[in-house]
**Student:** 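Can you keep this structure in mind? I'll have questions shortly.
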Amino acid sequence: MGLQQHQHHRSKSQQLLLDDEEMGLVLLITNSKKPSTALTSAPAAATSSAARRKLLTLLFLCLVSFFLILAPHFFPAFYSFDSMADMHSNLSLCSSVANGTICCDRSSIRTDVCYMKGDIRTQSSTSSIRLYAGEYVGEEKIRPYTRKWETTTMSTIDELHLISTSAEQQQSHHCDVTHDVPAVFFSTGGYTGNVYHEFNDGLIPLYITSHQYNKKVVFVILEYHDWWISKYSDILSHLSDYPAVDYSGDKRTHCFPEATVGLRIHDELTIDPALMQGSNRTMVDFRNILDRAYLPRITGLIEDEQREFESESKLPVIPPNSRRPKLVIVSRTGSRAITNEEALVKMAERIGFRVEILRPDPTTELAKIYRAMNSSDVMIGVHGAAMTHFLFMRPGCVFIQVVPLGTDWAAESYYGGPAKRMGLKYIGYKILPKESSLYEKYAVDDPVLRDPESVNQRGWEYTKSIYLDGQNVVLDLKRFQKRLVRAYGSVMRNRNQQRRLQSL
């Protein structure tokens, strides 16, 4: 996870709002100043001058009050950075694109999105997409990736040139492949390879952008990776009926009637129904797609295991005790590992859980992870990219995130908040300094233990080396037990409620 980059996003957005408010105040104060005049010695003149100053002061105060009270109604975006950042989704600058035109919405801090309509033809040799229109000639440039505020990351993303040119020139640029459906252009570069970013920066924005086409859309991918296509083929097949196009690798000219270049994004691992064009879809709808995508493979896995077991034992498969709630512990090796994990397992079993240890790695088949999480009632894990797998849990289940020192804001912003918005019961377990391996390395009054926020201000690499790469967790089991008991009670209450509903 890019903790520093995300914090930069937060601080930058807050600073933009602060700068706007300060600017408004400075303008008001500056405009209220009057040119200095020579003082007169006459008492009447002095009295008259004082009266004028009082009148001007009163008038100024009235103007300030008027501004503070009514400005939010007339200029709401000035007072809300979030609404300004997402203006492209709610009040789109390109809500209606005329035929033969290019419209680019650059109002969001997260992403740029351009829309093209008409005779659209790719030209990968020049990194361009050409629109053959009337007499208008113009060009837009865009890097189609959803981390616009991270200039270093964006510099690694291929830049596309969107060129509007005369229709007369189309004869020299013939179509090799003609599509009768729109295209969505995006990049799988950047942080692709990290499961959090693959969902947050890629798959969820792709769903947000393409859902309106009901699978009648072609995905054209920059920084195309065969492994990414293979890994997410089950999901992609539920977003598009057509094979993806490798923009750089496929030298043919692909022609489209319409194109969206770039992806829309709402928030971290989130779909805001108020910002969905033409629908009120939510993260639950996205998760339903995951269900449909992985069900066939999961069914196959279960049947394979059953055949293998029966061939070896000649006995029917006896399912595990499904009456006990299932707890999945997402285990880590290396940094941020729970060093007393075995004791945690035993405690959970005493409480009444059936425990499964999940140790995902980059080679683990996603369907197997989905199967484990989708059948779980409770998930426990230490803050990190693997917490993205909460997306695979059923709404109403419990997600317990262990929050190491120095990761409070990231843990809540990237996983805690999104989990609650998806309908999970979220429990954040913020460890005490004594539960961190850093307690053995630093003095009790050291800022690393006492004031992690001040340490985070020293920069990403410094923070990463201490809190992400150099810290393990030793859970205070007596303290943590309270969370497990609460999670167990929540699961059993949900089960009892479901039984009552089924009996009606």
**Student:** Is the backbone of V403 close enough, under 3.5 Å, to the side chain of H383 for a donor and an acceptor to pair up by distance?
**Tutor:** no
**Student:** Return yes if a side-chain donor-acceptor contact under 3.5 Å exists between E223 and T188, otherwise no.
**Tutor:** no
**Student:** Judged by atom type as modelled, is there a donor-acceptor pair below 3.5 Å linking the side chain of K326 to the main-chain atoms of A372?
**Tutor:**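 It does hold such a pair.
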**Student:** Can you name the nearest heavy-atom pair linking S490 to K425, along with the distance?
**Tutor:** OG-CD, 3.3 Å
**Student:** Can any side-chain N or O of T270 pair as donor or acceptor with the backbone N or O of E268 at less than 3.5 Å?
**Tutor:** yes
**Student:** Answer with yes or no after comparing the ring centroid distance for Y145 and F186 against a 6.0 Å cut-off, counting only values under it.
**Tutor:**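 No - the distance between ring centres of Y145 and F186 does not fall below the 6.0 Å cut-off.
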**Student:** Does N472 reach the main-chain N or O of A337 with its side chain, forming a donor-acceptor pair under 3.5 Å?
**Tutor:** yes
**Student:** Does the side chain of R493 come under 3.5 Å of the side chain of N496 through a donor N or O and an acceptor N or O?
**Tutor:**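 No.
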**Student:** Given the side-chain rings of Y242 and Y213, with only the six-membered ring counted for Trp, is the space between their centroids under 6.0 Å?
**Tutor:** no
**Student:** Taking side-chain contact (heavy atoms from CB on, under 4.5 Å) as the criterion, tell me which of L263, D112, I221, I157 meets it with P144.
**Tutor:**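 Of L263, D112, I221, I157, side-chain contact (heavy atoms from CB on, under 4.5 Å) with P144 is met by I157 alone.
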**Student:** Less than 4.0 angstrom from a charged side-chain N to a carboxylate O is my criterion; do E435 and K430 meet it?
**Tutor:** no
**Student:** Compute whether any side-chain donor of one residue and acceptor of the other, for N374 and R287, lie under 3.5 angstrom apart.
**Tutor:**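 Their side chains do contain a donor-acceptor pair, which is all the 3.5 Å distance test asks for.
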**Student:** Is any NZ, NE, NH1 or NH2 atom of the basic residue among R110 and D267 found under 4.0 Å from an Asp or Glu carboxylate oxygen of the other?
**Tutor:** yes
**Student:** Check this for me: does any side-chain nitrogen of one of D377 and R495 sit under 4.0 Å from a carboxylate oxygen of the other?
**Tutor:**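 Salt bridge flag = yes for R495 with D377.
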**Student:** Is a side-chain donor-acceptor pair under 3.5 Å present for T122 with Y247?
**Tutor:** no
**Student:** Would the distance check show the side chain of R336 and the main-chain N or O of G470 forming a donor-acceptor pair, the cut-off being under 3.5 Å?
**Tutor:** no
**Student:** Would a distance-only check, ignoring hydrogens and angles, find a side-chain to backbone donor-acceptor pair under 3.5 Å from T463 to G459?
**Tutor:**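 Answer holds: yes.
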**Student:** Between the side chains of D445 and R450, is the shortest nitrogen-to-carboxylate-oxygen separation below 4.0 Å, so that they form an ion pair?
**Tutor:** no
**Student:** Using 30° and 60° as the class boundaries, would you call the ring planes of Y207 and H211 parallel, tilted or perpendicular?
**Tutor:**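 Ring orientation of Y207 relative to H211: tilted.
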**Student:** I'd like to know if the side chain of S155 reaches the main chain of T152, judged simply by a donor and an acceptor atom lying under 3.5 Å from each other, with no hydrogens or angles considered.
**Tutor:**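 Yes, the answer is positive, given that a donor and an acceptor are paired below the 3.5 Å cut-off.
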**Student:** May I ask you to test the I265-N200 pair for a side-chain heavy-atom distance under 4.5 Å?
**Tutor:** yes
**Student:** Thinking salt bridges, do K231 and E365 make one under a 4.0 Å N-O criterion?
**Tutor:** no
**Student:** If you apply the rule side-chain contact (heavy atoms from CB on, under 4.5 Å), what do you find for V328 with I380, and how did you get there?
**Tutor:** CA-CA 6 Å; V328 172; I380 295 176; over 6 Å; no
**Student:** Indicate yes or no: does D234 engage R297 in a salt bridge with an N to O separation below 4.0 Å.
**Tutor:** no
**Student:** Under 4.0 Å between a side-chain nitrogen and a carboxylate oxygen: does that hold for E341 and R332?
**Tutor:** no
**Student:** Counting N and O atoms only, with roles assigned by atom type, does the side chain of S279 sit under 3.5 Å from a partner on the main chain of M276, one being a donor and the other an acceptor?
**Tutor:** no
**Student:** Salt-bridge test for E305 and R371: reply yes if a basic N is under 4.0 Å from a carboxylate O, no otherwise.
**Tutor:** yes
**Student:** Side chains of D451 and S454: is there a donor and an acceptor less than 3.5 Å apart?
**Tutor:** yes
**Student:** Using modelled atom types and a 3.5 Å cut-off, is there a donor and acceptor pairing between side-chain atoms of K148 and backbone atoms of R106?
**Tutor:** yes
**Student:** Do the numbers put R458 on top of the ring of Y462, so that NZ or CZ is under 6.0 Å from the six-membered ring centre and no more than 45° off the axis?
**Tutor:**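 Judged by the rule (NZ or CZ under 6.0 Å from the ring centre, within 45° of its axis), R458 counts as positioned above Y462.
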**Student:** Determine, for E349 against R324, whether the closest basic-nitrogen to carboxylate-oxygen distance falls under 4.0 angstrom.
**Tutor:**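 No, no charged N to carboxylate O under 4.0 Å.
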**Student:** Taking the side chain as everything from C-beta on, heavy atoms only, tell me whether V218 gets closer than 4.5 Å to V184.
**Tutor:**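 A side-chain contact is absent here, since even the closest heavy-atom pair is not under 4.5 Å.
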**Student:** Tell me yes or no: between the side chains of Q498 and Q502, is some donor less than 3.5 Å from an acceptor?
**Tutor:**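 No.
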**Student:** Can we say K434 and D476 salt-bridge, meaning some charged N sits less than 4.0 Å from an Asp/Glu carboxylate O?
**Tutor:** no
**Student:** Is the gap between the SG atoms of C104 and C114 under 2.5 Å?
**Tutor:**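 The sulfur gammas are closer than 2.5 Å, so yes.
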**Student:** So M492 and P325, do their side chains get closer than 4.5 Å, heavy atoms only?
**Tutor:** yes
**Student:** Could you check whether the rings of F399 and F390 sit parallel, tilted or perpendicular, using 30° and 60° as the cut-offs?
**Tutor:**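 Ring orientation of F399 relative to F390: parallel.
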**Student:** Taking the six-membered ring for Trp, are F219 and F185 closer than 6.0 Å centroid to centroid?
**Tutor:**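 No, the ring centres sit 6.0 Å or more apart.
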**Student:** Please answer whether the main-chain N or O of R264 pairs with a side-chain N or O of T209 as donor and acceptor at a distance below 3.5 Å.
**Tutor:** yes
**Student:** So, do F353 and Y488 have ring centers that fall under 6.0 Å from each other?
**Tutor:**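 Centroid separation for F353 and Y488: below 6.0 Å.
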**Student:** Please test K215 against L239 for side-chain contact (heavy atoms from CB on, under 4.5 Å), starting from the C-alpha separation and ending with a verdict.
**Tutor:** CA-CA 5 Å; K215 301 176 64 177; L239 299 179; 5.8 Å; no
**Student:** Do E198 and T192 have side-chain atoms, one donor and one acceptor, less than 3.5 Å apart?
**Tutor:** no
